K.L.:
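Encoded as structure tokens, here's the structure I'll be asking about.
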Amino acid sequence: MIDLRTLRDHPDRLRASQRARGEDDSVVETLLALDERRRSALTGYETLRAEQKSVGKSVSAASGDERAALLARAKELSAGVKGAEAEAEKLAKELDELLSSVPNVVEEGAPVGGEDDYVVLEEVGEKPRFDFTPRDHLELGEMLAAIDTERGAKVSGARFFFLKGVGARLQLGLLNMAMQQAIEAGFTPMITPVLLKPEAMAGTGFLGSHASEVYRLEADDLYLVGTSEAPLAAYHWNEILDGGSLPMRYAGWSSCFRREAGSYGKDTRGIIRVHQFDKVEMFSYCRPEDAVQEHARLLEWEKQMLAKVELPYRVIDIAAGDLGSSAARKFDCEAWLPTQNRYLELTSTSNCTEFQARRLSVRYRDTDEKPRHVATLNGTLATTRWIVAILENHQQADGSVVVPKALRPYVGLDVLEPVK
RNA sequence: GGUGGAGUCGCCUAGUGGCCGAGGGCGCACGCCUCGAAAGCGUGUGAUGGGGCAACCUAUCCGUGGGUUCAAAUCCCACCUCCACCGCCA
């Protein structure tokens, strides 16, 4: 949720942000007008309510005719108060709904435009050159008996899979290495719930435009998370944190569930786009003035992980129109995928500024200061999808795959050998 | 799933319709006292919206949501959470 005060004081900032996202900026005028009406309704209600309280109080002290007269007056006021309160509440709700529909104010410097208007910030590492025809990750996964999508489909349907043998070991090793890096960087490791209440899910912003992406358990009115960002953001819901403890950094390990509605026919082969995968996610709570710097740190930690698995990749700065509603800025790291001659998103880090914290009411306080909303940020450290890029980039002519050096202690193998 | 008990200001607690505009204690902050400290004494001590340059004023908040009433922490209904016991169970 955007800040109403900022909107009142600096409406131009929101107008510019809306235009950068390619969205309607007239919502600013509508919001300001609605806010005006709401405040005047509130004042009207408060005045009536104050009178009602004072008359009500005098009823108990009076007697006889005076009491009867006061009672009559009190009854009148009671009806008036109800009406005025309902009006004020109605306007407050309208304002809240409209306010909730407005995406975060874009950070200055983010590229203007849509999905294709990202800016490449850097390219890291060498793309591999093969003197044989490289196999794609599924072919390799099957040769290694690491990935079984056929039985995944048999048991659970399309876009489900089994990781088996060295495949399972590769994922466990990768995610353990991510956790270990996070712990060494001072993150608190977390294993989170993957089912969330509607309020928690809505609070983190995943029931907005993402609603059709989310699995819902009808019988229990719970949602399956698409990322541990959701439980980690809701973790301090309705809390006031000690300013001295910021930044607070959590590394969450969870399975993630996505319906992938609307992606029919896209990445149908293998495990690039699936309904269930595992992920280690970094999540930071920090002071708003430190958020840009924290965002840079998260990106560095992602690059550190990518270096450990020795993948060629590029970093892109996502354009305003392609940002999620909570994000003010977003950087993705995309690994090179040799068999498809394209880049594949492996990490994504967003600075949500105070947008998410405002909706979830997560604040911090320094001694003797008023509470302020924290900034929240998130970033990927490793996911199941990384296996795709690792297999393809480190394959050899015989179908074996060299395990990146840093990962070897975690996987327990130097080379993954095809199963005869 | 069943039965019973409980949820009040950071923590503990008082509070059975108007004297609650929520009292007391702990903690915390400041002051007095002291060479310094402890103890003691005094003062202060939440959140949110609105108004105001400000001090301050005002409304709301006693688990959540409804209801009764001129008036609700207090009465009624539903729900949530926690605790205990029973049943089932990885």
Side-chain angles (χ1 to χ4, degrees), chain A residues 1-9 31-100 102 191-203 216-223 231 234-246 248 255 285 288 354-374:
Chain A
M1 179 147 9
I2 57 165
D3 182 26
L4 193 53
R5 286 243 171 95
T6 310
L7 169 65
R8 271 185 224 154
D9 298 341
L31 278 169
L32 288 173
L34 194 52
D35 179 44
E36 200 63 47
R37 287 172 58 207
R38 167 195 145 254
R39 281 187 287 164
S40 112
L42 184 61
T43 307
Y45 156 68
E46 281 189 11
T47 311
L48 272 177
R49 175 69 177 146
E51 194 183 349
Q52 184 199 23
K53 281 168 77 170
S54 105
V55 170
K57 200 141 286 183
S58 58
V59 167
S60 57
S63 59
D65 288 350
E66 197 191 348
R67 187 186 168 92
L70 281 170
L71 258 175
R73 173 79 187 124
K75 281 195 186 187
E76 265 174 51
L77 279 168
S78 178
V81 164
K82 257 179 202 153
E85 187 179 18
E87 176 68 9
E89 272 175 9
K90 193 191 109 202
L91 287 168
K93 198 178 162 209
E94 261 178 55
L95 178 65
D96 189 63
E97 272 168 18
L98 187 59
L99 209 53
S100 302
V102 178
I191 291 170
T192 72
V194 295
L195 290 169
L196 289 190
K197 295 190 209 176
E199 308 95 278
M201 206 65 180
R216 174 157 179 260
L217 295 170
E218 182 81 35
D220 300 283
D221 200 16
L222 290 169
Y223 292 90
Y235 187 66
H236 289 299
W237 184 13
N238 273 333
E239 291 181 23
I240 300 177
L241 308 172
D242 174 13
S245 63
L246 297 176
M248 294 174 80
S255 291
Y285 293 86
E354 301 103 294
F355 188 87
Q356 213 168 33
R358 212 170 278 121
R359 184 157 35 195
L360 285 166
S361 186
V362 183
R363 292 168 290 168
Y364 74 96
R365 172 162 42 199
D366 291 311
T367 323
D368 295 333
E369 297 280 326
K370 282 270 167 197
R372 296 173 59 206
H373 288 103
V374 298

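By convention in this document, chain letters (A, B, ...) are assigned in the order of the sequence lines, proteins followed by strands, and residues within each chain are numbered from 1. Bear in mind that the values here come from a model prediction, so they are computed numbers and not experimental data.
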K.L.:
Can you tell me how far P of rU45(B) sits from CZ of R365(A), to the nearest Å?
P.N.:
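Going from R365(A) (CZ) to rU45(B) (P), I get 14 Å.
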K.L.:
Rounded to whole Å, how long is the line connecting atom CG of L95(A) with atom P of rU48(B)?
P.N.:
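L95(A) atom CG is separated from rU48(B) atom P by 18 Å.
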K.L.:
Determine which nucleotide pairs with rG23(B), using a 3.5 Å limit on both distances of a Watson-Crick or G-U wobble pair.
P.N.:
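Its partner is rU13(B) (Watson-Crick or G-U wobble, both distances under 3.5 Å).
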K.L.:
Let's test this: given Watson-Crick or G-U wobble pairing with both distances under 3.5 Å, identify the partner of rU3(B).
P.N.:
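Result: rA84(B).
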K.L.:
Roughly how many Å apart are rC76(B) and rG5(B), using the P atom of each and rounding to a whole number?
P.N.:
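Per the computed distance, 13 Å lies between those P atoms.
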K.L.:
Any strand counts, and the cut-off is 3.5 Å on both contacts for Watson-Crick or G-U wobble. Which nucleotide pairs with rC79(B)?
P.N.:
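Answer to the pairing question: rG63(B), which forms a Watson-Crick or G-U pair with rC79(B).
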K.L.:
Testing the basics here: between W237(A) and E199(A), what is the closest heavy-atom pair and its distance to 0.1 Å?
P.N.:
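Scanning both residues, the minimum pair turns out to be CH2-CB, 3.5 Å.
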K.L.:
Indicate the atoms forming the closest heavy-atom contact of R365(A) with P371(A), along with that distance.
P.N.:
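In terms of heavy atoms, the two residues are closest at NH1-CG, 4.1 Å.
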K.L.:
Should rU34(B) form a Watson-Crick or G-U wobble pair with both distances under 3.5 Å, which nucleotide is its partner?
P.N.:
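rU34(B) is unpaired by these criteria.
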K.L.:
For the CZ atom on R216(A), are there more than 12 heavy atoms of other groups (residues, nucleotides or ligands in this structure) within a distance under 6.0 Å?
P.N.:
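Yes, because the 6.0 Å sphere around CZ of R216(A) holds more than 12 heavy atoms from other groups.
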K.L.:
Which value, in whole Å, describes the distance between the P atoms of nucleotides rU74(B) and rG65(B)?
P.N.:
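Here rU74(B) and rG65(B) have their P atoms 13 Å from each other.
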K.L.:
Does R8(A) reach a base, just sugar-phosphate, or nothing at all? Heavy atoms under 4.0 Å.
P.N.:
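Answer is sugar-phosphate: R8(A) comes under 4.0 Å of backbone atoms only.
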K.L.:
Nearest 0.5 Å please: distance from the NZ atom of K82(A) over to the CG atom of L48(A).
P.N.:
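Answer rounded to 0.5 Å: 13.5 Å.
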K.L.:
Any ion pair linking K93(A) and D96(A) (charged N to carboxylate O, less than 4.0 Å)?
P.N.:
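Not counted as a salt bridge, because no side-chain N and carboxylate O are separated by less than 4.0 Å.
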K.L.:
Just the rounded figure in Å: distance from C1' of rU81(B) to CH2 of W237(A).
P.N.:
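To the nearest whole Å, that distance equals 12 Å.
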K.L.:
Strictly by Watson-Crick or wobble contacts shorter than 3.5 Å, is anything paired with rA54(B), and which nucleotide is it?
P.N.:
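For rA54(B), the partner nucleotide comes out as none, under the 3.5 Å rule.
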K.L.:
Can you tabulate the close N/O pairs, meaning under 3.5 Å, that link protein atoms to atoms of nucleotides 64-71 of chain B?
P.N.:
residue : atom : partner : partner atom : Å
rC70(B) : OP1  : K75(A)  : NZ           : 3.1
rC70(B) : O3'  : S78(A)  : OG           : 3.4
rA71(B) : OP1  : S78(A)  : OG           : 3.2

K.L.:
Who does rC28(B) pair with, Watson-Crick or G-U, both distances under 3.5 Å?
P.N.:
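Pairing partner: rG44(B).
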K.L.:
Looking at every non-hydrogen atom in both residues, tell me the closest pair between L196(A) and P231(A) and how far apart they are.
P.N.:
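Closest approach of L196(A) to P231(A), heavy atoms only: CD1-N, 3.8 Å.
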K.L.:
Need the pair for rG18(B). Rule: Watson-Crick or G-U wobble, both distances under 3.5 Å, any strand; none if unpaired.
P.N.:
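Looking at the geometry, rG18(B) pairs with rC70(B).
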K.L.:
Under the rule for salt bridge (Lys or Arg N to Asp or Glu O under 4.0 Å), what residues qualify as partners of E239(A), not counting sequence neighbours?
P.N.:
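E239(A) satisfies salt bridge (Lys or Arg N to Asp or Glu O under 4.0 Å) with no residue once adjacent residues are dropped.
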K.L.:
Below 4.0 angstrom from OP1 or OP2 of rG50(B), is there any side-chain N or O of R5(A)?
P.N.:
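So the side-chain polar atoms of R5(A) do come within 4.0 Å of the phosphate oxygens OP1 or OP2 of rG50(B), strictly under.
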K.L.:
rA47(B), OP1 or OP2 - any side-chain N/O from R363(A) closer than 4.0 Å?
P.N.:
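For rA47(B), OP1/OP2 do not have a side-chain N/O of R363(A) under 4.0 Å.
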K.L.:
To the side chain of A50(A), which of rG50(B), rU58(B), rU60(B) is closest?
P.N.:
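My answer, after comparing the listed nucleotides, is rU58(B).
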K.L.:
If I take atom CG in residue L48(A) and atom P in nucleotide rU60(B), what distance separates them, rounded to the nearest angstrom?
P.N.:
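Interatomic distance, CG of L48(A) to P of rU60(B): 12 Å.
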K.L.:
Using the C1' atom as the reference point in each nucleotide, state the distance between rC20(B) and rA14(B) in Å, no decimals.
P.N.:
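The same atom, C1', in both gives a distance of 11 Å.
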K.L.:
Please give, in whole Å, the distance from rG46(B) C1' to D242(A) CG?
P.N.:
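In whole Å, rG46(B) C1' lies 16 Å from D242(A) CG.
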